[in-house]
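Report on the structure given below.
Here, residue 1 is the first one in the sequence, and each next residue gets the next number.
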Amino acid sequence: MTIAVVLLTTALVTVVALLAATAAGKLARMDNASYPTAITRAATTFAAVITLVAAVASALLALLT
């Protein structure tokens with residue numbers, strides 16, 4: 001049961017991070033940014049979402065234990 005919850009949560013976080021990165025890249029292109037700039041913004045957004053989720057998870061873990 002626990003492994004299934006961890007895998008489902010990981011998949012959900014990855015999908016949300018990919019959606020945020022896609023939106024950031026699309027907004028960058030709509031703002032007339034070049035393709036390399038849009039990809040850089042998308043990658044930065046993806047990394048930021050993953051980092052934010054890791055920080056929140058570690059904070060919650062510290063509170064719950």
Atom CG of L27 and atom OG1 of T22: how far apart are they, to the nearest 0.5 Å? 11.0 Å
Evaluate the criterion side-chain hydrogen bond (donor to acceptor under 3.5 Å, both in side chains) for residue pair T37 and T40; output intermediate values, then yes/no. CA-CA 5 Å; T37 303; T40 302; 6.0 Å; no
Distance in Å, T65 OG1 paired with L60 CG, rounded so as to fall on 0.5 Å steps: 10.5 Å
Compare every heavy atom of A24 with every heavy atom of A42, then report the nearest pair and how far apart it is. CA-CB, 4.4 Å
Taking side-chain contact (heavy atoms from CB on, under 4.5 Å) as the criterion, tell me which of L8, L7, T9 meets it with V5. T9
Say you draw a straight line from CD1 of I39 to CZ of F46; how long is it, rounded to the nearest 0.5 Å? 14.5 Å
Is it the case that the side chain of R29 and the backbone of A33 share a donor-acceptor pair, with hydrogens and angles ignored and the cut-off at 3.5 Å? yes
Got T10 and V6 here, is their nearest side-chain heavy-atom distance under 4.5 Å? yes
Under 6.0 Å from the CD1 atom of I3, do we count more than 12 heavy atoms belonging to anything else shown? no
Roughly how far, to the nearest 0.5 Å, is the CG atom of L18 from the OG1 atom of T45? 11.5 Å
